[in-house]
Asks: 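So that we are looking at the same thing, I have put the structure below in structure tokens.
Just so it is clear, the model here is predicted, and its values are computed rather than measured.
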Amino acid sequence: MNEGGREDGGAQPSPPGGGTSAGPGPPANERSPSAGSPAPARRIRARPLAKSRHVTAPKMAAPTRRRGAEAAAQGLETQRAPTAPHLSASAASPSGREMTTPSHTPPGSSVVDAAFGRLRIPHTAGADLGRLNPRDRRLYAYGPLYLGSTAAVCGVLANYLLRRNMKVTQRPLKTYAPLAVIPFLSTAVVYRLLVVEPLNAGDLTQEQCVLRGGFCGLTLGAGYPTALAFLKNGRLAVKYETVPPPPRGRAILYWAMLCHPACKLMSLSVVVQLFFGGLLGYRHHEISRNPRG
């Protein structure tokens with residue numbers, strides 16, 4: 001009985017349903033999964049993905065904030081750094097910071113450059129007279145006075161010739177003083193307004209300087225003194241009757257014939273003033289554009 005009981009007790013129970021087991025079953029990992037439960041391999045694959053999302057998101061946000069802070073600091077540095085008109089912040093250093101490098105753009109490349117070039121006051125000898133040699137310094141500073149002095153000489157010469165032709169001997173100071181002072185002041189002031197000031201502002205070319213200088217020498221240096229001398233001496237000649245009165249209807253021809261010898265001699269002063277005014281304008285342009293030490 002004991003042996004039989006041991007044998008019975010040691011025997012494994014048969015599966016329910018009365019069937020006998022044919023042999024050992026397949027392993028757990030080779031069994032086919034049921035329809036309702038997912039595969040264990042799929043759960044293992046999904047867990048690293050979910051974990052990677054939660055872990056890598058904070059790590060990616062930190063470099064983004066750091067880059068934003070660096071860009072903001074870089075922008076403040078570039079705004080505070082002084083820039084020159086001929087420099088452009090277009091190059092970057094190896095460390096990543098922007099640095100200014102000279103950029104040579106052709107003239108007329110943009111409307112902004114053209115407008116800035118017109119508004120900009122160029123470097124002229126008038127702004128830095130210390131760099132010039134004494135000769136150019138005197139010419140640039142006292143050039144209008146030189147032209148005014150030649151105009152005063154022309155005025156005195158025209159007054160002398162017309163007084164001689166009209167035989168006027170009364171009141172010499174009344175004619176000589178205005179003809180020496182008025183042409184001097186008018187020529188010097190007008191030349192400075194027409195040539196020197198626009199040249200310092202950068203609005204004149206070489207041809208314009210020569211034309212304006214010649215115009216000042218021709219009109220104010222020779223023509224204006226001659227006309228002023230004729231006006232003053234003609235009044236004195238009529239007042240003191242030093243010449244016969246002009247015939248009626250031929251006054252212009254009479255005065256032209258009377259003043260013809262004086263005007264013929266004054267033609268030489270007209271040519272000299274025209275040449276001297278143009279030469280002075282040319283020299284002013286050369287000194288202002290190429291100052292020499």
Side-chain angles (χ1 to χ4, degrees), residues 125-126 132-168 172-200 204-237 252 255-290 292:
L132 301 174
N133 54 32
R135 181 182 176 183
D136 291 344
R137 190 183 309 145
R138 285 194 301 268
L139 182 62
Y140 193 89
Y142 304 114
L145 301 182
Y146 294 161
L147 190 61
S149 300
T150 56
V153 172
C154 288
V156 172
L157 180 61
N159 186 54
Y160 170 76
L161 294 175
L162 288 172
R163 282 176 68 89
R164 183 179 177 182
N165 288 340
M166 296 181 184
K167 301 177 183 179
V168 177
L173 186 61
K174 186 178 180 179
T175 57
Y176 277 107
L179 285 168
V181 176
I182 295 176
F184 172 79
L185 295 177
S186 59
T187 305
V189 171
V190 172
Y191 180 85
R192 186 167 187 84
L193 292 177
L194 290 181
V195 179
V196 178
E197 297 297 335
L199 187 61
N200 290 339
L204 292 183
T205 60
Q206 183 177 354
E207 293 80 7
Q208 292 175 344
C209 288
V210 173
L211 290 177
R212 292 192 181 192
F215 173 77
C216 291
L218 176 64
T219 57
L220 298 172
Y224 177 65
T226 304
L228 188 60
F230 170 77
L231 181 62
K232 289 187 172 296
N233 290 288
R235 287 180 180 179
L236 292 176
I252 298 177
W255 289 111
M257 293 299 295
L258 184 63
C259 300
H260 179 71
C263 293
K264 188 176 181 180
L265 293 174
M266 288 298 297
S267 61
L268 180 61
S269 65
V270 171
V271 175
V272 171
Q273 285 292 92
L274 178 63
F275 175 77
F276 184 66
L279 180 62
L280 188 62
Y282 173 78
R283 288 294 299 142
H284 267 95
H285 183 272
E286 289 297 318
I287 293 173
S288 63
R289 289 298 177 269
N290 301 314
R292 294 175 298 174

Asks: Please name the pair of heavy atoms, one in Lys232 and one in Pro178, separated by the smallest distance, quoted to 0.1 Å.
Replies: CE-CB, 3.8 Å
Asks: Just jot down the side chain to side chain contact (heavy atoms under 4.5 Å, CB included) partners of Tyr142, sequence neighbours excluded, or say none.
Replies: Arg138, Leu145, Tyr146
Asks: Would you mind listing every side-chain hydrogen bond (donor to acceptor under 3.5 Å, both in side chains) that reaches into residues 147-156, with sequence neighbours excluded?
Replies: Thr150-Gln273
Asks: Once rounded to the nearest 0.5 Å, what's the spacing between atom NZ of Lys167 and atom CZ of Arg164?
Replies: 11.5 Å
Asks: When rounded to the nearest 0.5 angstrom, what is the spacing between CE in Met166 and CG in Leu236?
Replies: 9.5 Å
Asks: I want to check something: taking the side chain as every heavy atom from C-beta on, are Arg289 and Leu199 in contact at a cut-off of under 4.5 Å?
Replies: yes
Asks: For a quick test of reading the model, state the closest non-hydrogen atom pair linking Val196 to Pro144 and the distance between them.
Replies: CG2-CG, 4.1 Å
Asks: I need the minimum non-hydrogen distance between Thr187 and Leu220, along with the two atoms involved.
Replies: OG1-O, 3.1 Å
Asks: Search all heavy atoms of Leu179 against all heavy atoms of Pro225 and return the closest pair with its distance.
Replies: CD2-O, 3.6 Å
Asks: By the salt bridge (charged side-chain N to carboxylate O under 4.0 Å, His left out) test, which pairs, at least two apart or in different chains, include something from residues 267-282?
Replies: none
Asks: CG of Leu139 to CD1 of Ile287: how many Å apart, nearest 0.5 Å?
Replies: 4.5 Å
Asks: For residues 175-200, pull every pair meeting ring pair (Phe, Tyr, Trp, His ring centres under 6.0 Å), keeping only residues two or more places apart or in separate chains.
Replies: Tyr191-His284
Asks: Can you list every salt bridge (charged side-chain N to carboxylate O under 4.0 Å, His left out) pair that touches residues 267-279, not counting sequence neighbours?
Replies: none
Asks: Compile the donor-acceptor pairs under 3.5 Å between side chains in residues 205-217 and protein atoms, sequence neighbours left out, one pair per line.
Replies:
from: Gln208; atom 1: OE1; to: Thr205; atom 2: N; distance (Å): 3.2
from: Arg212; atom 1: NH1; to: Leu194; atom 2: O; distance (Å): 2.7

Asks: Could you work out, with side chain to side chain contact (heavy atoms under 4.5 Å, CB included) as the rule, every residue matching Ala180, not counting sequence neighbours?
Replies: Val156
Asks: Which pair of non-hydrogen atoms, one from Pro183 and one from Ala152, has the smallest distance, and what is that distance?
Replies: CB-N, 4.4 Å
Asks: What residues, two or more places apart in sequence or in another chain, satisfy side chain to side chain contact (heavy atoms under 4.5 Å, CB included) together with Leu218?
Replies: Val270, Leu274
Asks: Please list, one pair per line, the donor and acceptor atoms closer than 3.5 Å that link side chains of residues 255-269 to other protein atoms, with sequence neighbours excluded.
Replies:
from: Ser267; atom 1: OG; to: Lys264; atom 2: O; distance (Å): 2.6
from: Ser269; atom 1: OG; to: Met266; atom 2: O; distance (Å): 2.6

Asks: Holding to salt bridge (Lys or Arg N to Asp or Glu O under 4.0 Å), I want the full list of residues that pass it with Arg192, two or more places apart in sequence or in another chain.
Replies: Glu197
Asks: List in chain and number order the residues that pass side-chain hydrogen bond (donor to acceptor under 3.5 Å, both in side chains) with Asn233, two or more places apart in sequence or in another chain; answer none if no residue qualifies.
Replies: Asn159
Asks: For residues Thr226 and Leu162, report the shortest heavy-atom separation together with the two atoms involved.
Replies: O-CD1, 4.0 Å
